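Structure record follows, encoded as structure tokens.
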Amino acid sequence: MDIEKKTRAYALKNALAHEGKAMQGPVISSLFNEGLKKSDVGKYAKKISEIIMEVNSLSQEEKEKQFKKLEKEVSERQEREGLEELPDSGKGVVMRFRPAPSGPLHIGHIISNMICSLYVKKYGGKFYVIIDDTDPETTLPEAYKDIPKDCNWLFGNVSEYLISSDRIKLYYDYVEKLIKKDSAYVCECSSEDFKKFAEAKKNCPCRKFSVEKNLERWKNMLDKSGFKEGEAVLRFKSDMKHKNPAMRDFPLARINETEHPRQKNKYRVWPLMNLAVAVDDMELKMTHIIRGKDHRDNAERQKMIFEIFKKKFPWTFFIGRMKFTDMILSKRKITEAIKSGEFSGTEDVRLPTIASLRKRGYKPEAFAKLVEQRGLTEVDKVIDSKELFRLLDYFNK
RNA sequence: GCCCCGUUAGUCUAGAGGCCAAGGACACAGCCCUUUCAAGGCUGAAACCCGGGUUCGAAUCCCGGACGGGGCACCA
């Protein structure tokens, strides 16, 4: 590289862009992109400074004339556009969205999950939608048709729909493996008692049982004549002295005999989210996970489970959440309000549900642009519905 | 109480130590175009939370503070 020539070119460019006065910083910075070594800056600093001073003293016409001659020496800064690249995405990506079937899908879900669909479109691979119906108390029967309907419309690239409660046997297999690895135990403490142990960083009495005893106690959880609902819970054996209280022997499964809308009374022991998610992510070979910041600690728990099985944890990003100052975004509250007659149904135009937004004429592409503009960011933002609809209206054109 | 995380214009965002004297989009103001509306074009106003430190040089790295968010469930 001809340092002097390049310096002169960039100094002229910089001067012309800034009322005739070039500065050293930007010029040196440009030279780095041309291959100047950082360690060599000292060597050339004097020369560069001289050239800049000389350039600055030229007349406007002279600057323009000289720059014309050297124009081809300068390269333009390259601009990125579209979605930020994901690491290790060369062979495609496997990603997922796990809606809980406890109420209608709404704008909040779009914001934090559509980006997964977009990345699968970008790189190829698989996009799973997994209906997370492992809580028999909050699972709504209509979700089994509403979720695929909304997701087909919104994403258009769902590879496969899976239902957690159809995979219970798989979760049970993993429970046995975890117990056999002495990484899970059945705990009979009440939640209040356990909380006290966790706060005091002390082991609960159930922690000391042998693997054999725990397998037996696990059978007692599964057996109708064994533990009753609320009497026992399966816990992951992490560390009761973990510095983060959220990580101390968190629960993996519990007994709940409420009739399940899909499985009826087939099961009484239900996995909790962290178990189901970890198992599915291992089994389905998830490569990348993008999810809300509120799941940061859950991801840490799932990672602990991965480590027991010596599996590599997927690349994970925690995306910031959008908070709406004037819209209900709680699935439970939306469901209640519809039941009470406050709203006519999930398609009520006053609701931020996907069904309602579709009815109002918004196209999936508008949401995609909204999500793309936001991109991968950990920042939460507060926005009101007026701002949101301004943006959507703009993107919908 | 204990663990995480974040902070760029009214809003969303670019930004990986020097092409940032901070770019883009929406919204806003003005003008042009148009019979009207919409769309489009041009122009304008508008931001790096605060304080230290490292460095020749900090929006960017480090430390502290303030503010905001999340987690510590037999919910997800």
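Predicted model, so just to flag it, every value in this text is computed and none were measured. Sequence lines set the chain letters: A, B, ... in the order given, protein chains first and strands last, and positions in each chain run from 1. These values consider heavy atoms only, across backbone and side chains, with no hydrogens, waters or symmetry-generated copies.
- Here G1(B) is the nucleotide among U7(B), G10(B), G1(B) with the atom lying nearest to any side-chain atom of Pro245(A).
- Within the structure, a side-chain polar atom (N or O) of Lys243(A) is placed less than 4.0 Å from OP1 or OP2 of C4(B).
- Looking at heavy atoms from C-beta onward, Val269(A) lies in side-chain contact with Trp218(A) at the 4.5 angstrom threshold.
- One can place CZ of Arg321(A) at 16 Å from P of C12(B), the figure rounded to the nearest angstrom.
- One finds no side-chain N or O of Tyr10(A) lying less than 4.0 angstrom from the OP1 or OP2 phosphate oxygen of C19(B).
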Please produce a list of atom pairs where a protein N or O lies less than 3.5 Å from an N or O of nucleotides 73-76 of chain B.
| residue | atom | partner | partner atom | Å |
| --- | --- | --- | --- | --- |
| C74(B) | N3 | Gly230(A) | O | 3.2 |
| C74(B) | N4 | Gly230(A) | O | 2.5 |
| C75(B) | OP1 | Arg254(A) | NE | 3.3 |
| C75(B) | OP2 | Arg254(A) | NE | 2.5 |
| C75(B) | OP2 | Arg254(A) | NH2 | 3.3 |
| C75(B) | O2' | Asp135(A) | OD2 | 3.1 |
| A76(B) | OP1 | Thr134(A) | OG1 | 2.8 |
| A76(B) | OP2 | Met273(A) | N | 3.0 |
| A76(B) | O3' | Asp132(A) | OD2 | 2.8 |
| A76(B) | N6 | Asn298(A) | ND2 | 3.2 |

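- Checking C72(B) for Watson-Crick or G-U wobble geometry (two distances, each under 3.5 Å) identifies G1(B) as its partner.
- Base pairing annotation: A66(B) forms a Watson-Crick or G-U wobble pair with U7(B), both donor-acceptor distances under 3.5 Å.
- In summary, the side chains of Ser356(A) and Glu347(A) do not present any donor paired with an acceptor at a separation below 3.5 Å, with no hydrogens or angles considered.
- Under the 4.5 Å side-chain criterion, counting only non-hydrogen atoms from C-beta, Leu105(A) is in contact with Phe97(A).
- When heavy atoms are screened at a 4.0 angstrom cut-off, Met247(A) is found touching no nucleic acid atom at all.
- Here the nucleotide nearest the side chain of Arg390(A), chosen from U8(B), A27(B), G71(B), is A27(B).
- Nearest nucleotide to the side chain of Arg296(A), out of C5(B), C2(B), G10(B): C5(B).
- Note: CZ (Arg248(A)) to P (C72(B)) measures 13 Å, nearest angstrom.
- Between the CG atom of Leu391(A) and the P atom of G10(B) there is a distance of 16 Å, given to the nearest Å.
- Using a cutoff of 4.0 Å between basic side-chain nitrogens and carboxylate oxygens, Arg262(A) and Asp166(A) are scored as salt-bridged.
- Side-chain heavy-atom separations under 4.5 angstrom define the hydrophobic clusters, and the remaining members of the one that includes Met273(A) are Val277(A).
- Ion pairing of Asp249(A) with Lys237(A) is absent here, as no side-chain N (NZ or NE/NH1/NH2) approaches a carboxylate O to less than 4.0 Å.
- A47(B) is unpaired under the criterion used here, namely a Watson-Crick or G-U wobble arrangement in which both key atom distances are under 3.5 Å.
- Residue-level contact check: Gln373(A) touches the bases, meaning some heavy atom is under 4.0 Å from a base atom.
- Looking at Glu85(A), His288(A), Lys91(A) one by one, the single match for side chain to side chain donor-acceptor pair (under 3.5 Å) with Tyr123(A) turns out to be Glu85(A).
- In this structure, Thr377(A) reaches the sugar-phosphate backbone alone: every heavy-atom distance under 4.0 Å involves primed, P, OP1 or OP2 atoms, never a base.
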